[in-house]
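Okay, so here's the structure we're looking at.
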Amino acid sequence: VGVLFARCTGGGAVKSIRGGQGLGDALYVQAVARHIIATRGERLRVCTKWPDVFKPLGDAVEIAPFTRQGINYLAHYSMRKQQVDTDQFQDCCIAAGIAEPVDLRLDWTLEDVGLAAEVRAPGKPVVLVQRPRAPMDRTDGFGAELLPNCQRIQDAIDLIGERATKVLIGSGEPLYRFQGIDIDLTNRTTVAQILDLASVAGGFLGYVSFMVPLAESFGRPGLFIWSRRGLKSGHPYIRAITPTKILHGKLSRAAIDDCSPQEMSDAVEVFIGEVTGALR
């Protein structure tokens, strides 16, 4: 931390930064904040609901409650949702006034060594699987068509089989109950523990959600099942949530939930091969 943030001046007014309110949004903001601190020598006030995400930035940031008022850097993608020449993370950077490439990375230090040992104990690569929940955590049904046919995620779980330890994460009541999960940690983890699990995982299986920037922040393979209903949605905001727009990392892949069994099998084989390679 000392080397990375040696240029922080510590003087003058502290500028504030925020993104959206979700955990995935916070992961984007962390990377943007990290870049601003490292390249401009600024200390930042991060307005967030997810303070644990910003632990790697140390004293270079101060944490404040989430607010939309008095923000200097708005690292949000919503204004550029219809732009087809950039992805979602790039949109966050552009909105924050950054023209150069930014590394989407979280330099996390493992905290719960015991939890890490538990998921590693079977001696196989760890794949984090996302528990299905209402997209965007909405309670009004908006964006519900983004949730894919969860049987296709189950198909992927079945195809992975015994080649990985499949760890289920998430919170709340499930919208679908997966079979073949090796370790169920739903409703049993803090945010810091989710980041611990991500730091030791070989891959991520889920759908469009915080799981995408989580996988990408750790540079790990991700297989994300996309909903055809979402891609055909009558709402332009939902219809714009495409794999091309959302996926940023070179190891992030999508499979549409109406793909053939062979296409799903091929996608899983590529994914599990990358997972194994990621742990070498």
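For the atom pair L23 CG and L195 CG, the distance stands at 7.0 Å (nearest 0.5 Å). Atom-to-atom distance recorded for Q130:CD and T186:OG1 is 12.0 Å, nearest 0.5 angstrom. One finds the CG atom of L168 at 7.5 Å from the CD1 atom of I157 (value rounded to the nearest 0.5 Å). Put simply, CH2 on W226 and CG on L147 are 12.5 Å apart, with the number rounded to the nearest 0.5 Å. I160 CD1 to L223 CG: the interatomic distance, rounded to the nearest 0.5 Å, is 7.0 Å. Between F89 atom CZ and S217 atom OG the span is 8.0 Å, to the nearest 0.5 Å.
Applying the salt bridge (Lys or Arg N to Asp or Glu O under 4.0 Å) definition to pairs two or more places apart or across chains, those involving residues 83-94 are R80-D91, D91-K245. Sorted by first and then second residue, the salt bridge (Lys or Arg N to Asp or Glu O under 4.0 Å) pairs with a member in residues 182-196 read K166-D182; sequence neighbours excluded.
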request  = Check step by step if side-chain contact (heavy atoms from CB on, under 4.5 Å) holds for R131 and F178.
outcome  = CA-CA 8 Å; R131 168 179 273 196; F178 293 130; 5.9 Å; no

Next on the checklist: Quick one, I169 with M211, criterion side-chain contact (heavy atoms from CB on, under 4.5 Å). Give me CA distance, side-chain angles, the key distance, then yes/no.
Outcome noted: CA-CA 10 Å; I169 62 170; M211 287 284 275; 3.8 Å; yes

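Under the 4.5 Å side-chain criterion, counting only non-hydrogen atoms from C-beta, W50 is not in contact with L27. Taking 4.5 Å as the limit, every side-chain heavy atom of Y28 sits out of range of all side-chain heavy atoms of H76. Side chains of D25 and Y77 form a contact here, defined as non-hydrogen atoms less than 4.5 Å apart. With contacts defined as side-chain heavy-atom distances shorter than 4.5 Å, the pair L74/M79 qualifies. Using a 4.5 Å cut-off on side-chain heavy atoms (C-beta onward), F271 and V127 make contact. Contact of the V46 side chain with the P51 side chain is not registered, since no non-hydrogen atoms from C-beta on lie closer than 4.5 Å. The shortest distance between side-chain heavy atoms of E100 and H35 falls below 4.5 Å. In this structure, L146 and Y207 have side chains that are not in contact, with every pair of non-hydrogen atoms separated by 4.5 Å or more.
The two residues I98 and V102 have their closest heavy-atom pair at CG2-CG2, 3.6 Å. When all heavy atoms of R43 and V14 are compared, the closest pair comes out as O-CG1, 3.4 Å. Across all non-hydrogen atoms, the minimal contact from G219 to L251 is O-CD1, 3.5 Å. The minimum heavy-atom distance between R152 and D257, with the atom names listed, is NH1-O, 3.0 Å.
Comment: R163 engages E269 in a salt bridge, judged by a side-chain N to carboxylate O separation of less than 4.0 angstrom. Between E162 and K124, at least one side-chain nitrogen of the basic residue sits less than 4.0 Å from a carboxylate oxygen of the acidic one, meeting the salt-bridge criterion.
Side chain of S252 to backbone of E216: no donor-acceptor contact under 3.5 angstrom is found. Side-chain N or O atoms of W108 include none that pairs as donor or acceptor with a backbone N or O of K55 at under 3.5 Å. Judged by distance alone, with hydrogens and angles left aside, the side-chain atoms of R120 form no donor-acceptor pair with the main-chain N or O of V200 at under 3.5 Å. Put simply, the side chain of T276 gets close to the backbone of I272: a donor and an acceptor are under 3.5 Å apart. Checked by atom type and distance alone, the side chain of Q30 never pairs as donor or acceptor with a backbone atom of V53 at under 3.5 Å. At least one donor-acceptor pair under 3.5 Å links the side chain of R239 to the backbone N or O of S233. Panel note: side chain S227, backbone E145; a donor-acceptor pair is recorded below 3.5 Å. A donor-acceptor pair under 3.5 Å is absent between the side-chain atoms of R34 and the main chain of P56, judged by distance alone.
Below 30°, between 30° and 60°, or above 60°: for Y237 and F142 the angle between ring planes is between 30° and 60°, a tilted geometry.
With sequence neighbours excluded, the residues that form a side-chain hydrogen bond (donor to acceptor under 3.5 Å, both in side chains) with R228 are D258. Residues satisfying the side-chain hydrogen bond (donor to acceptor under 3.5 Å, both in side chains) criterion with D112, sequence neighbours excluded, are Q193. Evaluation of the side chain to side chain contact (heavy atoms under 4.5 Å, CB included) rule for A240 yields K81, Q82 as partners, not counting sequence neighbours. Qualifying ring-ring contact (aromatic ring centres under 6.0 Å, His included) partners for F210, counting only residues two or more places apart in sequence or in other chains: none.
Applying side-chain contact (heavy atoms from CB on, under 4.5 Å) to I17 and the options N72, I36, I71 leaves one that passes, I36.
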